[in-house]
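Please read the structure below before turning to the comments.
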Amino acid sequence: MSAQPKEIFLKDYQPSAWNIDHVDLLIQIFEEETVVTSNLRISRNPDGPKDKDLVLHGADLEYVATSIDGDERILDENVFIEDETLRVKDVPDAFLLNTVVRIYPEKNTSLEGLYKSGGMYCTQCEAEGFRKITWYLDRPDVLSIFNTRIEADKELFPVLLANGNEISRGDIHNGRHYVAWKDPHKKPAYLFATVAGKLEKTTDTFTTMSGKEVKLELFVEPHNLSKTDFAMGALKRSFKWDEERFGREYDLDIFMVVATDHFNMGAMENKGLNIFNSAAVLANEKTSTDADFERIEAIVGHEYFHNWSGNRVTCRDWFQLSLKEGFTVFRDAEFTADLHSRPIKRIDDVNMLRSAQFPEDAGPTAHPVRPQSFIEINNFYTLTIYEKGAEVVRMIHTLLGEENFRKGSDLYFDRFDGQAVTTEDFVACMEEVSGIDLTQFKLWYDFAGTPVVTIKDDYDATTGTYKLTAQQMVPDTPGQTNKPAFHIPVKLGLLAESGENLTPGSNDTNWDAKTGVWHLRDRTQTIEFTGLKSKPVPSLLRDFSAPVKLNYNFDLDQLALLAQNDANAFNRWDAVQRFTTQLILAAAEAGTEISEVDERLLKAYEQILADENIDNAIRAALLTLPSRPWLAEQVDSIDPIAINDARQSLRVAIAKAMAKPLRGKLNSIKRPAKYEFKFQDVAARRLRAVLYAYLALVDDKVVAELEAQYKDANNYSEQNDALQILNEVDDKASWAARLEDFIKEWGDDAQMIEAWLSLNSTSKHADLAHITKMLKHEKFDKGNPNRVRRLIGAFAMNNIAFHAKDGSGYKFLAEQVIDTDARNPQLASRMIVPLTRWKRYAEQYAGEMRSALELIAEVKSLSPDCFEMVSKSLK
Ligand code: TRP
Ligand code: ZN
């Protein structure tokens, strides 16, 4: 491995010695190089350390010139370039710094800084990409006013964009032109953006709550113009929702969105100029599924909501990343819940949390929501920062209630507008408005690991009292042991044996009768409920009120009762999950197949199919078995093949036992003639797909029906439903032929190529030989992160062939990581994730995974990104 990269610590934080009061950028794009001229008005920060030198960040910059205060003092001899910094010796307390650098966006494959994506130039500056554009204090607590002038060839790049408002444009010599932009809001460099391209736009307007008209512009490459309507609608819904739920109004005259094909993440909230991965913004019914529409609406919302939670109020340092990301994920989740279905959004999010964040929190890269150190900040855009961070904000919402939470967020936005702050500042506002002491609660920010809450109960028939005793334990994680007790809100209810939902009565000081929340604060804590005529069944952790693993020794009768009667839709779902988890894990451990389904489960399923009080989306969720990763997370030593086989055997057994009612329900669902992205229709499609997935295992007619659905559906959602199931049950020849047809039909559409790559990598027929062959397919492009993720990433995450006992799947992934790392470290580092959990696997897998990690570790010029992941995993 290369020399150990530097670790950075939260405890070492110091304010900047210098302020940058004003930035003037000139970006001149030429065919093979770009020249960046920067004028920074710099002054000493009175609250910072008393440095004599100015030290700016810069990476991959070609030095051209530097001067201070005009041309009076050329100071090349006072300038030193070392370790990605530019040191200017002995500077005065206030001065104008001029620098000129040359950069090569055409050769920038990292997709950070200024790079070329197809025929367009665009930027990605979060977290530390601005330093690849020019010398700067590239840290989020240095906020400045930016003026940007971009120049480029007028014919090739008619559209030139940057943050803020356009102030002038004009032609210059040699067929070139310029556009100048001014952003009136102070911002850190990570929110800077510029774009140059031959782009078309869709426009609209939004009138804000104070009556101001905002121009909305969505820029795409011309062939994508037919895919912009949905995102534009989602954007307007986002503007409106943030006004209504959070009282937040937009603050510029124009809001621009640009779609680009090459992007490391989903999208980026640059001030007034959001840049999106094409896959996270472009949609129409011919090429997008319901899930795509849902995800796009959520991401459009997410980036827009950052305008307040992230941009107007930003992070002091990158350890505070969850301040903006956790809060903004909470906001976008509420947006989705308000617009569609609250319980379904909760079920989807909890599925993701349990399947992906819990494993992260139990693995070698586990870190607190507010980490204490990192090597590469790009590695910390994690499920823990985003999703667990959102859960922490959600718990604050639960503790305060909607009204006080809103007061707290108003105070936060008001008090810290234009500043760079910490998670402490956020929590302090919530305490101030509510009078609630969150001292203990804040431990959630500082300790990693998913808390385990174990609940036992005891019923006393003579007094009619029911006692619950909860014990909490936060597991050790790298660098953290012996953790203190957390404040954990456990929302709960009680059901009578008849299935009736009771109103629990208790005068315990930790019981909040209004919200039904039991506040755990001690390692062990007991509560007594009175007035119970018989032993109740507890419905625990309703709505997943805290991101914990909750253990209670449920027997199958209790779970069957909850599955049919729990008034809390989320817990009803969870009861079925717990029930089927017990069956699957017992079989997996015994190495047996499930050939007969427990009667109680069948009864519950039949009741779910018939229940008229639930919608089809809930019905579909209730009928879906727990994900393989979540099942794996619940065993001591993972055998992925045994878990897969056991889960599959239960699916087959259910399908056999229930073929009739499943078919009956399926036939009763009408397919709407016209595609619309609206809840009832989406729910109906979701349920049809779940029912078909069962029936396909036992009913010979299904293949022909799904083939017909694939052919005659007028929308890709239904086509994809058919494809996903056929992908599983097809014989190899039909599978290959169908994929061939698919790419012939859709080979011109980037998003459909991506869908096709996943179909290629997730089928049971997709063995290593197939994936290796796919790498050479003309539609695969290793420079495009979406395609890498859909082929290689999906293979490693979802495919059983990845876990081949000879370790060939793991070795393949290691080779692909190494190959990718040379181009795009941020992407490569994420590809390692499936290997990092090797200690959790049964011996025969673990050893091979470890060997694959060692292959990566041996690489001489490994990036800091991959170094951090691999070294933490091998420790
Ligand atoms: N701030 C972005 C978001 O969550 C995340 C992001 C987009 C990002 N692109 C990135 C983070 C590149 C790191 C690197 O909305
Ligand atoms: Zn974000």
Side-chain angles (χ1 to χ4, degrees), residues 290-291 294 298 330 333-355 387 390-391 394-395 397-398 402 489-496 498-504 514-518 536-548 550 552 554 558-581 600-601 603-627 630 665 669 678-691:
D290 293 328
E294 265 162 35
F330 171 76
E334 285 297 293
F335 171 60
T336 301
D338 283 347
L339 259 53
H340 305 292
S341 155
R342 184 161 289 273
I344 286 294
K345 175 61 177 164
R346 196 65 192 133
I347 288 169
D348 288 348
D349 284 350
V350 170
N351 256 331
M352 195 219 306
L353 203 73
R354 285 173 170 170
S355 306
E387 313 303 326
E391 292 299 319
R394 181 172 296 284
M395 286 189 284
H397 184 275
T398 302
E402 168 66 15
V490 177
K491 187 169 167 185
L492 63 88
L494 302 175
L495 276 76
S498 63
E500 186 196 347
N501 284 266
L502 307 169
T503 309
K514 253 205 333 266
T515 54
V517 172
W518 181 25
V537 175
S539 165
L540 303 166
L541 204 67
R542 282 184 161 175
D543 295 323
F544 204 68
S545 60
V548 302
L550 189 131
Y552 168 88
F554 282 112
Q558 291 175 308
L559 291 173
L561 182 113
L562 294 170
Q564 295 176 67
N565 301 292
D566 201 320
N568 188 267
F570 178 87
N571 269 28
R572 199 174 167 186
W573 169 79
D574 200 37
V576 188
Q577 294 278 301
R578 286 174 188 271
F579 196 118
T580 49
T581 297
R600 289 162 291 192
L601 182 64
K603 227 179 114 221
Y605 270 1
E606 271 162 27
Q607 190 251 355
I608 287 161
L609 283 174
D611 190 340
E612 305 213 321
N613 296 317
I614 54 175
D615 61 56
N616 281 335
I618 292 286
R619 197 171 281 122
L622 287 165
L623 294 169
T624 303
L625 298 184
S627 74
W630 170 229
K665 188 73 198 172
I669 305 170
K678 64 171 198 218
F679 182 72
Q680 278 93 343
D681 290 5
V682 172
R685 279 187 289 273
R686 211 155 149 165
L687 181 59
R688 280 184 88 249
V690 168
L691 298 170

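None of the values given here were measured: they were computed from a predicted structure. One-based numbering along the sequence shown.
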Side chain to side chain, [X] and [Y], heavy atoms closer than 4.5 Å:
| X | Y | result |
| --- | --- | --- |
| Phe570 | Arg342 | no |
| Leu562 | Asn571 | no |
| Pro626 | Arg354 | no |
| Leu623 | Val576 | no |
| Pro538 | Leu492 | no |
| Ile614 | Ile608 | yes |
| Lys345 | His340 | no |
| Leu495 | Pro536 | no |

Requested in this report: Show your working on side-chain contact (heavy atoms from CB on, under 4.5 Å) between Leu687 and Ile669 and close with a plain yes or no.
Outcome: CA-CA 9 Å; Leu687 181 59; Ile669 305 170; 3.7 Å; yes

Query - Set of residues satisfying salt bridge (Lys or Arg N to Asp or Glu O under 4.0 Å) with respect to Arg619, sequence neighbours excluded - result: none

Requested in this report: Take Ile618 and Trp573 through the side-chain contact (heavy atoms from CB on, under 4.5 Å) test and state the conclusion after the steps.
Outcome: CA-CA 8 Å; Ile618 292 286; Trp573 169 79; over 6 Å; no

Measure the spacing between [atom1] of [X] and [atom2] of [Y] and express it to the nearest 0.5 Å.
| X | Y | atom1 | atom2 | answer |
| --- | --- | --- | --- | --- |
| Phe679 | Leu339 | CZ | CG | 12.0 Å |
| Glu334 | His397 | CD | NE2 | 5.5 Å |
| Thr336 | Asp348 | OG1 | CG | 9.5 Å |
| Leu561 | Asp566 | CG | CG | 8.5 Å |
| Glu391 | Asp349 | CD | CG | 7.0 Å |
| Arg600 | Tyr605 | CZ | OH | 14.5 Å |

Report task. Would you kindly say whether Ser355 and Ser627 are connected by a side-chain donor-acceptor distance under 3.5 Å? Result -> yes

With no hydrogens and no angle check, is any side-chain donor or acceptor of [X] less than 3.5 Å from a backbone partner on [Y]?
| X | Y | value |
| --- | --- | --- |
| Gln577 | Thr624 | yes |
| Arg578 | Leu559 | no |
| Thr398 | Arg394 | yes |
| Asn501 | Leu494 | no |
| Arg346 | Asp543 | yes |
| Ser545 | Leu541 | no |

Query raised in the report: Run the side-chain contact (heavy atoms from CB on, under 4.5 Å) check on Arg572 and Asn565 step by step: do they pass?
Result: CA-CA 7 Å; Arg572 199 174 167 186; Asn565 301 292; over 6 Å; no

**Report entry** Which atom of Ala604 lies closest to which atom of Ala563, heavy atoms considered
**Finding:** CB-CB, 4.3 Å

Report task. May I ask you to say whether Asp574 pairs ionically with Arg542, meaning some side-chain N is under 4.0 Å from a carboxylate O? Result -> no

**Report entry** Verdict with supporting geometry, Leu540 and Lys491, side-chain contact (heavy atoms from CB on, under 4.5 Å)
**Finding:** CA-CA 7 Å; Leu540 303 166; Lys491 187 169 167 185; over 6 Å; no

